[in-house]
Amino acid sequence: MHPPSRRLFLQSSSLLLAGGYARTLLGADAAEKPAFASEPSFDPTALFCTWQQDPTTTMTVQWIGEQGDADSRPIWFAKSGTDAWRQQPFASKGFPMTAKRVFRSELTGLEPDTDYRFRVGLDSAEFKFRTMPAKATRTLQFVSGGDAGIGTHTMATNKLAAVQQPDFVVIGGDIAYENGRNPGIFYTFMKYYSRDLRDPEGRLIPLLGCLGNHEVDGSYGKSRKEAPFFYAMFDGLYPETGYASLDFGDYMSLVFLDTDHTSPIAGEQTDWLEKTLKEREERDNLFVFNHVPAYPSFRAYDSETGEGTGGGNRKHWVPLFERYNVDAVFEHHDHTYKRTHPLMGGHKSDNGIVYLGDGSWGRLRSPKSPEERPYLAMVDEAYHLSVHRIEGAERFHVALSDTGQVVDVCSTTKRAHKRG
Ligand SMILES: [Fe+2]
Ligand SMILES: [Fe+2]
């Protein structure tokens, strides 16, 4: 009799036709370790990690390629330092407007805060990732930004992000600037991300995306089919709508909103937001990401009429952020660096919410001054990313320019819980 892991290994082998694997089964020692190629000869293009469920116990691995390349290549994965290899096939769907496919395999039942290694088939190089911890018992660090594209500044910011060794990256919309129409631009962004976003230990740094106007052919008021590349890549997290939440155990929740690109702000999305925030108002860390800012640093702001940029956010969402104890809101779209004062109802308040932005990973404009916009505490005209470091009850938010200079530092702690 074989031990259970051996039985599973043999059963699952029927999924495979690869010659190298067959040799292992027939070989004299029939070791449990699959017959990985000694030199990698297959390179899964645009390989990256993301999440669609709890990052403490799951990881989703994706790449873009030809169906023929995937047919005999499941993902093989094992905890680092072990040879307890398991395999799982990739599901696939079309990469829009091309003959290519997007391949996805969600690994579940993983151990928290654990390094894993994996391969795509038997003949790829070995890759690595790490799951998030079950509790916030170590320092957590993630990077956010938006408005990236595929230019030289984007690549510089990519590399700066990687050396921060973040647990993950969030790009809050206007990811590739393909406008829902140009597969080559989206493909190039994903190839750059895959190449650049590996930490100094060689781990793939997971990417979470949020919808912006440049993901959508028509920018605003459209349907999911006008944002074909975003949804081809991220519909694991966004299976039906342009908004979603992601819970990291019981210590952190991220809420991603759709600023009227494929989901109207008012109505169903706002109803969902209220329910989602209410269920999470006691979380130690509750962060919201949206593309178009409630408190713009470049575009028009009209506090009299509530119209202009971010008017819908301010009318429908900001009262919910305040009521349900959101800790910080990450905004984008205006292509500057900005930090607002802690705000309640648009005014400075000791118990207010800080809005950080405004999306200049790879695009840049000149911001308005704090004199012109009193809600702004700090602005800069700098390509930037933000590093968010969570150490127990304290959170540090550090903005770095694309040359690595510190643009701004602030800290936040859990807001006192006051119902508005
Ligand atoms: Fe943008
Ligand atoms: Fe935008």
Side-chain angles (χ1 to χ4, degrees), residues 143-158 161 169-182 185-186 188-190 192-193 207-224 226-231 233-234 238 242-243 256-265 269 288-301 307-314 317 329-340 355-368 373 379-386 399 401-402 407:
V143 160
S144 76
D147 308 81
I150 56 173
T152 53
H153 290 288
T154 296
M155 280 185 275
T157 311
N158 281 355
V169 167
V170 183
I171 304 279
D174 291 2
I175 297 168
Y177 284 83
E178 90 290 350
N179 294 309
R181 294 190 293 266
N182 189 322
I185 291 175
F186 198 89
T188 300
F189 177 88
M190 295 310 305
Y192 288 167
Y193 187 93
L207 171 64
L208 293 164
C210 170
L211 195 65
N213 51 304
H214 283 286
E215 274 67 65
V216 185
D217 187 356
S219 299
Y220 297 95
K222 299 297 178 184
S223 72
R224 286 164 64 94
E226 277 97 23
F229 305 103
F230 178 84
Y231 285 115
M233 206 54 56
F234 295 110
Y238 301 93
Y243 44 92
F256 304 98
L257 298 176
D258 176 347
T259 37
D260 190 26
H261 310 294
T262 67
S263 313
I265 288 176
Q269 181 172 197
V288 170
F289 296 79
N290 49 240
H291 182 65
V292 175
Y295 296 102
S297 57
F298 171 80
R299 288 181 171 81
Y301 172 87
E307 299 300 322
T309 297
N313 308 32
R314 294 193 298 275
W317 293 348
V329 179
F330 304 115
E331 312 201 294
H332 312 87
H333 186 55
D334 263 8
H335 304 181
T336 69
Y337 174 70
K338 79 132 189 248
R339 171 170 54 85
T340 71
Y355 295 74
L356 287 168
D358 251 345
S360 56
W361 192 282
R363 300 286 170 119
L364 204 56
R365 292 192 189 102
S366 296
K368 302 291 185 213
R373 302 279 171 91
V379 288
D380 199 0
E381 185 175 347
Y383 295 101
H384 89 284
L385 56 77
S386 290
S401 75
D402 61 340
V407 174

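When a ligand or atom number is given, it counts from 1 through the structure's own listing order.
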Checklist entry - With side chains defined as the heavy atoms from C-beta onward, is the minimum distance between Leu364 and Glu381 less than 4.5 Å? => result yes

Checklist entry - So, do Phe186 and Met233 sit near enough that their side-chain heavy atoms are less than 4.5 Å apart? => result yes

Item to check | 4.5 Å side-chain heavy-atom contact, Tyr192 and Asn158 | outcome: yes

Next on the checklist: Looking only at N, O or S atoms, which one in Asp174 sits nearest to the Fe ion (ligand 1)?
Outcome noted: OD2

Item to check | His333 atom (N/O/S) at minimal separation from the Fe ion (ligand 2) | outcome: ND1

Checklist outcome for this item: Test side-chain hydrogen bond (donor to acceptor under 3.5 Å, both in side chains), reference Asp147, set Arg365, His335, Arg363, output is His335

Item to check | Opening angle between NE2 in His335 and OH in Tyr177, taken at the Fe ion (ligand 1), to 10 degrees | outcome: 90°

Item to check | Of all N/O/S atoms in Asp147, the name of the one nearest the Fe ion (ligand 1) | outcome: OD2

Next on the checklist: Check the orientation of Phe230 and Tyr238. Use parallel for under 30°, tilted for 30 to 60°, and perpendicular for over 60°.
Outcome noted: tilted

Next on the checklist: Tell me which N, O or S atom from His291 is the closest to the Fe ion (ligand 2).
Outcome noted: NE2

Item to check | the Fe ion (ligand 1) to nearest N/O/S of Asn213 less than 2.8 Å | outcome: no

